[in-house]
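A short write-up of the structure that comes next.
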Amino acid sequence: MNPDATLADTGRGTGRGGRVDRSAPGVARAFVRLSKVTVYQHFFPWALAVALLDGAALDRSGAVLALALFLVASAAIVACTSAVDDIVGYRNGSDAANYREGDLGRDIRRKPLLSGAITEREARLFAAATGALTLLAGLGGFAALGWDVPAESILVFLAVAACAVQYSGGFRFSFRTGGSETMLGLSTAGGLIFPYVALARGWSPAAVLEALIMGLWLVMVISYSNVNDKEGDAAVGRKTLAVVSGPKVFKTAMVLFFVADVGLLAGWALLPSVPWWGVLTLLPAVALHAAQLRYGVAQENWLKARLCGFVAYDLGFLGLLVPTLFIA
């Protein structure tokens with residue numbers, strides 16, 4: 001995903017205290033940091049997909065194994081995408097330009113290529129291995145269901161796997177205008193859609209709306225975060241919304257994101273299957289997104305706005321999850 005960490009002037013740092021731990025446990029920890037799988041928010045879409053499934057879908061032969069394999073595939077997609085992104089950021093200097101130890105409480109150890117905890121060759125091997133694991137686990141999940149799944153669930157999975165990895169590498173979506181935000185939003189939405197459609201054997205308005213909401217919420221977090229990395233991203237040609245738009249256009253986009261967010265939430269809350277009290281569980285997220293507008297658009301305190309977005313993402317997930325468990 002989009003880099004959330006940077007180092008000052010050099011292309012290669014040393015970790016805290018100037019030491020690099022190259023022991024087996026140290027390298028293992030570095031790979032975990034490279035993978036970003038400890039960022040639990042990546043798995044919110046999968047959790048909502050499970051919550052949306054009814055008893056008949058969960059009772060299908062192979063359903064539990066399929067869900068477990070889909071979770072592994074989702075983690076592998078995150079790991080492969082993050083590894084490729086870090087490799088590209090390391091090579092073009094954008095991570096070195098953006099990352100300053102201590103900035104935003106960031107720890108250089110979260111960028112193991114910069115800290116020297118792992119080598120570029122090791123990172124490339126890790127990206128290849130997690131890419132292979134993505135396909136094996138994902139296709140294994142469909143096989144566990146006897147391939148008795150709608151074709152679109154397989155296509156969405158393959159699209160998410162292929163496109164997410166090309167966020168920075170390959171087609172390099174984040175280096176194309178609008179590509180960063182579009183790819184992050186759609187990949188997040190797809191992470192809910194493919195497991196749900198595979199097990200439910202169909203689509204539902206609730207699943208589509210929740211997928212779009214989660215995708216938009218992530219874009220609302222990343223967009224504010226990218227303001228802090230604007231200069232470093234621009235220097236290497238990464239065309240995020242913060243880079244390609246002027247202040248007025250960017251602020252207008254943030255307002256439109258908020259309006260779209262409220263519209264999607266209203267549409268979801270009005271679904272006949274959603275309990276009447278479902279709208280109440282979403283009020284904290286709406287309030288935080290309103291605060292995000294205040295801090296970012298009105299006051300240009302982008303870091304505080306970014307924090308509001310992160311907290312809103314967590315509370316919003318819970319606000320969707322609880323009533324989703326009661327959807328018939």
Side-chain angles (χ1 to χ4, degrees), residues 40-58 67 70-71 74 149-157 159-160 163-164 178 181-223 253-290 292-293 309-328:
Y40 58 85
Q41 289 94 342
H42 287 307
F43 307 109
F44 285 171
W46 177 89
L48 286 174
V50 175
L52 282 161
L53 294 169
D54 59 20
L58 293 172
L67 285 172
F70 288 152
L71 179 59
S74 297
V149 299
E152 55 263 39
S153 65
I154 301 176
L155 292 176
V156 170
F157 164 71
V160 169
C163 293
E181 294 79 13
T182 301
M183 189 49 51
L184 287 172
L186 292 180
S187 294
T188 301
L192 188 156
I193 291 298
F194 84 79
Y196 174 81
V197 173
L199 275 89
R201 295 191 183 98
W203 300 71
S204 75
V208 172
L209 284 172
E210 290 190 18
L212 292 175
I213 289 167
M214 294 304 294
L216 178 59
W217 282 349
L218 182 61
V219 171
M220 292 170 76
V221 173
I222 297 302
S223 294
M254 297 306 102
V255 173
L256 292 176
F257 285 162
F258 178 76
V259 172
D261 173 33
V262 173
L264 288 171
L265 291 175
W268 176 85
L270 291 173
L271 291 175
S273 58
V274 175
W276 66 267
W277 48 265
V279 66
L280 300 178
T281 65
L282 293 171
L283 291 180
V286 174
L288 281 166
H289 282 138
Q292 190 180 40
L293 275 184
F310 271 118
V311 178
Y313 199 64
D314 286 349
L315 293 182
F317 163 70
L318 294 175
L320 284 175
L321 178 65
V322 174
T324 293
L325 295 171
F326 292 87
I327 291 178

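Along the sequence shown, residues are numbered consecutively beginning with 1. Note that the structure is a prediction, hence the values are computed from the model and not measured.
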For [X] against [Y], the heavy-atom pair lying closest together:
X: Gly278; Y: Val274; answer: CA-CG1, 4.4 Å
X: Leu271; Y: Pro205; answer: CD2-CB, 3.8 Å
X: Tyr196; Y: Ala49; answer: CD1-O, 3.9 Å
X: Gly191; Y: Pro45; answer: C-CB, 3.8 Å
X: Met183; Y: Ala164; answer: SD-N, 4.4 Å
X: Pro195; Y: Phe70; answer: CB-CD1, 3.8 Å

Rounded distance [0.5 Å steps], [atom1] in [X] versus [atom2] in [Y]:
X: Leu199; Y: Leu67; atom1: CG; atom2: CG; result: 5.0 Å
X: Thr281; Y: Leu321; atom1: OG1; atom2: CG; result: 9.5 Å
X: Phe317; Y: Ile213; atom1: CZ; atom2: CD1; result: 13.0 Å
X: Asp261; Y: Leu282; atom1: CG; atom2: CG; result: 9.0 Å
X: Leu264; Y: Trp217; atom1: CG; atom2: CH2; result: 10.0 Å
X: Leu216; Y: Leu186; atom1: CG; atom2: CG; result: 11.0 Å

>> Please determine whether side chain to side chain contact (heavy atoms under 4.5 Å, CB included) holds for the pair Asp314 and Leu318, giving the CA-CA distance in whole Å, both sets of side-chain angles, and the decisive distance to 0.1 Å.
In response: CA-CA 7 Å; Asp314 286 349; Leu318 294 175; 5.9 Å; no
> Which residues pass the side chain to side chain contact (heavy atoms under 4.5 Å, CB included) test with Val156, sequence neighbours left out?
Replying inline: Val160, Ile193, Phe194
Taking the side chain as every heavy atom from C-beta outward, state whether [X] and [Y] have any pair of such atoms under 4.5 Å apart.
X: Met254; Y: Leu293; answer: yes
X: Val221; Y: Gln41; answer: no
X: Phe157; Y: Val149; answer: no

> Are Leu52 and Ile327 close enough, and set up right, to give a side chain to side chain contact (heavy atoms under 4.5 Å, CB included), and what steps lead you there?
Replying inline: CA-CA 7 Å; Leu52 282 161; Ile327 291 178; 4.2 Å; yes
>> Before you tell me yes or no, could you show the steps for Thr188 and Val219 under side chain to side chain contact (heavy atoms under 4.5 Å, CB included), namely the whole-Å CA-CA distance, both residues' side-chain angles and the distance that decides it to 0.1 Å?
In response: CA-CA 10 Å; Thr188 301; Val219 171; over 6 Å; no
> Are any side-chain N or O atoms of Trp277 and backbone N or O atoms of Pro323, one a donor and one an acceptor, separated by less than 3.5 Å?
Replying inline: no
> Would a distance-only check, ignoring hydrogens and angles, find a side-chain to backbone donor-acceptor pair under 3.5 Å from Gln292 to Met220?
Replying inline: yes
> Stepwise, does the side chain to side chain contact (heavy atoms under 4.5 Å, CB included) test hold for Phe44 with Tyr313?
Replying inline: CA-CA 9 Å; Phe44 285 171; Tyr313 199 64; 3.6 Å; yes
